[in-house]
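A short worksheet on the structure shown next.
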Amino acid sequence: MDDVARSTTYPYPSDAITLPPSSRVDAPQRASTPAKGPEIPSYLQDTYYWCYLNPRNVQLLDREFVVRTILWQQHRKLQKLAFAEIQPGQSVLQPASVYGSFAPNLAAHIGPEGSLDVVDVAAVQVRSVGSKLREFPNARVHHTNILDFAGRPFDVVCCYFLLHEVPDDYKFKIVNLLLEKVNPGGKVVFVDYHKPRWWHPLKLITSIVFDTLEPFAKRLWRSEIQEFANEPGHFSWHKETIFAGLFQKVVATRMD
Ligand SMILES: C[S@@+](CC[C@H](N)C(=O)[O-])C[C@H]1O[C@@H](n2cnc3c(N)ncnc32)[C@H](O)[C@@H]1O
């Protein structure tokens with residue numbers, strides 16, 4: 001594994017998550033070990049500090065019932081739909097941490113023959129997801145911006161509710177980066193928001209929440225995820241919507 005500068009990798013099982021990144025000099029074959037962690041993107045600092053970077057809030061929010069509540073009790077179904085694209089024994093990249101038990105559930109789903117690589121740009125998130133994956137020797141957490149992640153191609157990339165949180169230029173970059181991370185036959189699975197049907201009882205409240213707290217989310221109401229890809233023709237695309245259109249699963253399978 002050959003991560004780029006400004007990233008740190010935490011293999012598991014490990015007690016390393018309590019150590020500063022510069023202490024991880026014992027894993028040079030897996031990652032470079034810069035003195036400083038990766039730069040926090042401005043959208044994360046400015047818009048999402050309160051929920052993803054503030055350590056006290058992270059401790060409060062990183063719970064299964066929080067994800068279930070935010071996703072209107074659809075989280076289990078959405079997670080199941082994502083996992084349905086992933087077979088035991090496969091190598092999986094999760095490009096950002098997810099609150100609750102998503103990562104350990106995924107590690108359990110792929111089993112000991114599989115491998116899970118979770119990436120997150122925020123140190124507090126890396127520590128949190130790392131502690132949840134402590135029991136899984138087949139899982140590693142990388143402290144880096146996903147755009148700087150130089151890990152090998154994977155069988156599956158599972159991008160769960162990341163795209164709606166990033167600005168448009170990041171949406172393009174992340175989609176294209178993730179599409180590069182699979183070999184022919186491999187899949188990139190996106191689960192995220194989608195424009196709900198006009199009559200959806202939660203459309204108005206979702207719209208207000210997006211306008212107030214999630215300024216980049218409505219782009220997914222206007223654009224297909226496929227439209228962010230530079231070379232969509234190399235993939236077969238399958239999209240399904242869930243919960244009267246409020247959510248979507250898009251699977252891009254690399255053909256060549
Ligand atoms: C995947 S999303 C949220 C998923 C879901 N809403 C939940 O309940 O957790 C949030 C995570 O993405 C991470 N993140 C955002 N931008 C990132 C980037 N460019 N590279 C790596 N991680 C990123 C944040 O640090 C945060 O931990």
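Just follow the structure's listing: the first ligand is 1, and inside any ligand the first atom is 1. These numbers come from the heavy atoms of this one structure, side chains and all, not from hydrogens, waters or symmetry mates. The structure displayed is predicted, hence computed values, not measured ones.
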Inset, instruction - Nearest heavy atom to atom 12 (O) of ligand 1 wins, so pick from Ala122, Ala96, Pro41. - result: Ala96
Inset, instruction - Compare Ile40, Val66, Asp120, Asp62 and give the one whose heavy atom is closest to atom 25 (O) of ligand 1. - result: Asp120
Legend entry - Heavy-atom gap Val98 to ligand 1 smaller than 4.0 Å: yes
Inset, instruction - Using distance alone, decide if ligand 1 has a nitrogen or oxygen within less than 3.5 Å of any nitrogen or oxygen in Asn145. - result: yes
Legend entry - Ile146, any N or O under 3.5 Å of ligand 1 N or O: yes
Per-atom contacts, ligand 1 versus [X] - under 4.0 Å to a heavy atom:
{"X": "Gln125", "answer": "25 (O), 27 (O)"}
{"X": "Ser97", "answer": "1 (C), 2 (S), 10 (C), 11 (C), 27 (O)"}
{"X": "Tyr160", "answer": "1 (C), 4 (C)"}
{"X": "Glu165", "answer": "2 (S), 3 (C), 6 (N), 10 (C)"}
{"X": "Thr144", "answer": "21 (C)"}
{"X": "Tyr170", "answer": "19 (N)"}

Inset, instruction - Can you spot which of Gln79, Glu64, Lys132 makes a side chain to side chain donor-acceptor pair (under 3.5 Å) with Ser101? - result: Glu64
Legend entry - Validation row, ring centre Tyr170 to ring centre Phe216 under 6.0 Å: no
Inset, instruction - Indicate, with yes or no, if the rings of Phe83 and Tyr160 have centres closer together than 6.0 Å. - result: no
Could you tell me whether the side chain of [Y] reaches within less than 4.5 Å of the side chain of [X], counting heavy atoms only?
{"X": "Ser115", "Y": "Arg140", "result": "no"}
{"X": "Leu116", "Y": "Leu133", "result": "yes"}
{"X": "Lys249", "Y": "Leu78", "result": "no"}

Protein contact of [atom] - nearest heavy atom, named by residue and atom, plus distance:
{"atom": "atom 14 (N) of ligand 1", "answer": "Leu162 CD1, 4.0 Å"}
{"atom": "atom 22 (N) of ligand 1", "answer": "Val121 N, 3.3 Å"}
{"atom": "atom 9 (O) of ligand 1", "answer": "Tyr99 N, 2.8 Å"}
{"atom": "atom 16 (N) of ligand 1", "answer": "Tyr43 OH, 2.6 Å"}
{"atom": "atom 6 (N) of ligand 1", "answer": "Tyr52 OH, 3.4 Å"}
{"atom": "atom 4 (C) of ligand 1", "answer": "Phe161 O, 3.6 Å"}

If we ignore hydrogens and angles and just use 3.5 Å, is the side chain of [X] paired with the main-chain N or O of [Y] as donor and acceptor?
{"X": "Asn176", "Y": "Phe228", "value": "yes"}
{"X": "Arg76", "Y": "Gln73", "value": "no"}
{"X": "Gln90", "Y": "Gln87", "value": "yes"}

Inset, instruction - Give the ring-plane orientation class for Tyr52 versus Tyr48, where under 30° counts as parallel, over 60° as perpendicular and anything between as tilted. - result: tilted
Inset, instruction - Mind running side-chain contact (heavy atoms from CB on, under 4.5 Å) on Lys181 and Leu177 for me, showing each step along the way? - result: CA-CA 7 Å; Lys181 291 289 177 196; Leu177 183 280; 4.1 Å; yes
